[in-house]
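Sequential numbering from 1 along the given sequence is applied to the chain's residues.
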Amino acid sequence: MSTLLQNLNSVQREAVLHRDGPLVIFAGAGSGKTRIITTRIAYLIEQHVLPWEILAVTFTNKAAEEMRSRVELLTPEARRAVVTTFHSACARWLREFAGELGFDGHFSIYDDQDANRALKKIITDMNPKADIPVLVAEMKAFIANMKTAGILPHEAEQFERDHPQLVPTGGVTVYRLYQEFLAQCNAMDFGDLLLNLLLLLRKNEKVRSILCGRFRYVMVDEFQDTNRTQFEIIHHLTSTHRNLVVVGDDDQSIYSWRGATPSNIIDFQRTYPEARRIALEQNYRCTGNIVGAASKLVANNKTRAPKTLFTESPPGDPIGVHVESDGEMEAYWIAEKIHLEKNLYPFDNVAIFYRTNSQSRALEDALRRMKIPYTIFGSLEFYERMEIKDLIAYMRLLVNESDDLSFLRIINVPTRGLGDKAVQQVQQYAKDQSINLLEATRRMASGGAPKIGPKLKYFSDLMTALREDLFNNPLSEVVKTLLEALEYPEYVKKKYPDQYLDKIDNIQELAAAQGEFEKKNPDAKLSDWLQSVALVRDDPGDDKGPQGVSMMTLHMAKGLEFRRVFLSGVEDGLLPHRNSIDDTNSLEEERRLLYVGITRAKEKLSLTCARRRRTYNTEMVNPPSRFFKEIPTEFLELSLKAKELFEPSSVASSAPSGPSYHYDDDEDDVDFDEGSRVYHPTYGPGTVEGFEDNFGQRKAIVKFRDFGYRKIRPSQLQPSRSY
């Protein structure tokens, strides 16, 4: 027996020994899939396959580099095999065959900024008066979707006829003109690296013949993440010999929003009926309790390949379940736990996962205050995000008119037709008059600049109105007032359609932060809150080095592992996300997302949730995630606070499934009808004029005698005193 096979289990050995024909390997979390690919490459070379006839494809440069390093340790000859990413491989082949597409081999590869500039030129030429930034973002997203789906410009016309609701006005024309512009510039964007190669494989028999003959054995890692274009490229490359091995885990398919198609691996045998199927089900990463919980959870998905993850590792600690009163306390509990366990789990062995980027704000604050170093992966820190910086710039300028940096940031946000030349005029006028930029706009609006005067007047009047509104309203109303006055959500939705929901979540978290600050400091002003933010961001605890706690969204966590993991916000509305609850496919992807998070933990895992979580100036009451019911209680350990929330009768270890739960809603037992006269301790007497429900939070719309309309939780109201 080859020494390469000695340390493999029987199923892994079977996968490595497979020689010819298609094979699909369902590799469960922690089952050693990278080891299978690298060992198989080395074994093929040992069996006298020429290394340059072997192609292994994965998704990231980091994964490809790790694969190359590991296989070269097994056999030095492997350095001549092609181990690469989809985009790198396609770029290499396109340089070789560029002439077949009418390109020069030295074509440029345009990044996002280059693409934006090209689209800006095209759209401006078509309609100079259009809202250019918004249209650029909209068209860019549409074109990316077309390329991911393998749809060429001439095919987009039929797509528009079949799916008119998915194509923006003018989208097909812009797509065609954009591709023509790129060709004129001898350039391709990242989407073209895949689409143009696919075009060659579809239409050019010579290129297809050369590439198919070049690689006798093809392997694809993370096959559940392939999109339609990538799948078709691989299908063409293996069309003559069909020696294709794909490895992946449909239970870890969490990128449908990026075009990934899990059916590529689930239905692999429909495309390749003769394919063998192997399931790697033994987990070598996690403890028994973690594997058992994850396996039972994901088994509830209907659209999946049948398999059962197991491990021979010891059970280890049960999965901790902890509940706090609100999101702030949840964050502090996690930070305190990390601090208490630092001798057992050093900071660089610890990770915190969350469903949405907006959740990081409370966690960052808690870690800073406890002087725990951390690193955020795949995202800006909360206060560095575009939408947060925009709104804070407005607040800073309203508090301090001399803050010219904030002025420059928001003078044309949202877009109001004040471009670089207009701003330069304002700056020159301010310099000549020795005044700040906001004062300069006031004076120029009154007759100092005929062409841009009306636009400056609009901005000046807006700032005056905002100052009056913000200084007369509670701190917790600031974000809401800004959003309404600026129509900022509409601006974000048009300019960043694919990031809209994340950005709105971040804005809601900003409002929540102000609400919490006001709750602790009832007399606080906007200037006090801005100062607190500045001080927190400048805290010495923010000295983050490589040894810190890792923080990231669940989507970023895939492929990583940590000894100690905290997964925060395991609540309906967050996980599963509120936008996924009513759709079966989306709900299954949310379940897979939790599965991924659970299986990142090697030794110890805590799932946390909050009774209430502040959004804007209200509190959302989310029940614990419905997914808790799908995890048998034998794998869980409830904290005292969690036991108060979950039904005691369900905590017995013999229970077949996870605990049921309830919230104590006694404080909301007081019912009022429309027309009821009520009394509020702050606003005084009023009359209920209606109700609204916002993500599970019921609020009464009350017209107060002295304060007008307010939205109030019924629990804060009392039956009216006579008035």
Side-chain angles (χ1 to χ4, degrees), residues 86-87 90-91 94 103 106-149 151-153 156 160 166-196 227 229 257-259 357 378-380 384-390 393 408-424 486-504 506:
F86 273 101
H87 284 89
C90 291
L94 284 171
F103 284 78
H106 300 290
F107 61 82
S108 300
I109 298 177
Y110 278 7
D111 61 17
D112 278 352
Q113 291 186 355
D114 297 323
N116 286 342
R117 285 193 287 268
L119 285 168
K120 180 179 179 181
K121 181 182 185 305
I122 292 166
I123 294 168
T124 302
D125 289 345
M126 291 175 64
N127 184 2
K129 296 182 179 180
D131 191 339
I132 303 301
V134 169
L135 277 178
V136 165
E138 185 178 27
M139 294 301 175
K140 185 178 176 184
F142 166 69
I143 292 171
N145 290 337
M146 290 294 95
K147 293 181 178 181
T148 295
I151 299 174
L152 294 156
E160 183 177 34
L166 299 180
V167 180
T169 302
V172 173
T173 300
V174 172
Y175 184 16
R176 176 178 56 79
L177 292 174
Y178 175 67
Q179 293 303 102
E180 290 175 357
F181 178 86
L182 290 176
Q184 290 170 4
C185 296
N186 193 41
M188 302 183 194
D189 64 17
F190 286 107
D192 286 327
L193 296 180
L194 302 178
L195 189 67
N196 282 338
N227 58 40
T229 299
W257 49 275
R258 215 162 59 185
N357 279 312
S379 173
L380 294 171
E384 294 302 317
R385 291 164 186 156
M386 177 276 293
E387 59 276 14
I388 303 304
K389 291 172 75 73
D390 283 349
L408 291 172
R409 181 177 184 89
I410 52 88
I411 179 61
N412 203 38
V413 175
T415 313
R416 49 179 68 96
L418 291 166
D420 292 343
K421 290 183 179 179
V423 173
Q424 289 169 7
L486 302 174
E487 297 182 348
Y488 192 81
E490 291 80 0
Y491 161 75
V492 171
K493 190 169 187 176
K494 289 180 180 179
K495 190 169 184 181
Y496 304 98
D498 55 335
Q499 303 173 46
Y500 172 70
L501 293 176
D502 276 346
K503 291 186 180 297
I504 292 300
N506 291 336

Does a sphere of radius 6.0 Å around CG in Asp125 hold more than 12 heavy atoms from other residues, nucleotides or ligands, not counting ones at 6.0 Å or beyond? yes

Report yes if some heavy atom in the side chain of [X] is under 4.5 Å from a heavy atom in the side chain of [Y]; otherwise report no.
| X | Y | answer |
| --- | --- | --- |
| Leu94 | Leu193 | yes |
| Ile123 | Asn127 | no |
| Gln179 | Gln184 | no |
| Pro489 | Tyr500 | yes |
| Met188 | Leu182 | no |
| Lys503 | Arg385 | no |
| Met126 | Thr173 | yes |
| Leu119 | Ile143 | yes |

Stepwise, does the side chain to side chain contact (heavy atoms under 4.5 Å, CB included) test hold for Met139 with Tyr175? CA-CA 8 Å; Met139 294 301 175; Tyr175 184 16; over 6 Å; no

Minimum heavy-atom separation for [X] to [Y], with atom names?
| X | Y | answer |
| --- | --- | --- |
| Val172 | Ala156 | CG2-O, 3.8 Å |
| Ala118 | Phe181 | CB-CE2, 3.4 Å |
| Pro414 | Leu486 | CG-O, 3.4 Å |
| Tyr488 | Val413 | CE1-CG1, 4.0 Å |
| Thr148 | Thr229 | O-OG1, 3.0 Å |

[atom1] of [X] to [atom2] of [Y]: how many Å apart, nearest 0.5 Å?
| X | Y | atom1 | atom2 | answer |
| --- | --- | --- | --- | --- |
| Ile132 | Leu135 | CD1 | CG | 6.0 Å |
| Thr415 | Lys495 | OG1 | NZ | 6.0 Å |
| Ile151 | Glu160 | CD1 | CD | 11.5 Å |
| Lys147 | Leu195 | NZ | CG | 6.5 Å |
| Asn116 | Lys121 | CG | NZ | 15.5 Å |

Are Glu490 and Lys494 within salt-bridge range, i.e. N to O under 4.0 Å? no

N-O pairing of Arg409 and Asp390 below 4.0 Å: yes

Quick one: do the Asp189 and Tyr178 side chains pair a donor with an acceptor below 3.5 Å? yes

Are the side chain of Asp192 and the backbone N or O of Asn196 linked by a donor-acceptor pair below 3.5 Å? no

Checking the side chain of Asn412 only, and the main-chain atoms of Gly417 only, is there a donor and an acceptor separated by less than 3.5 Å? yes

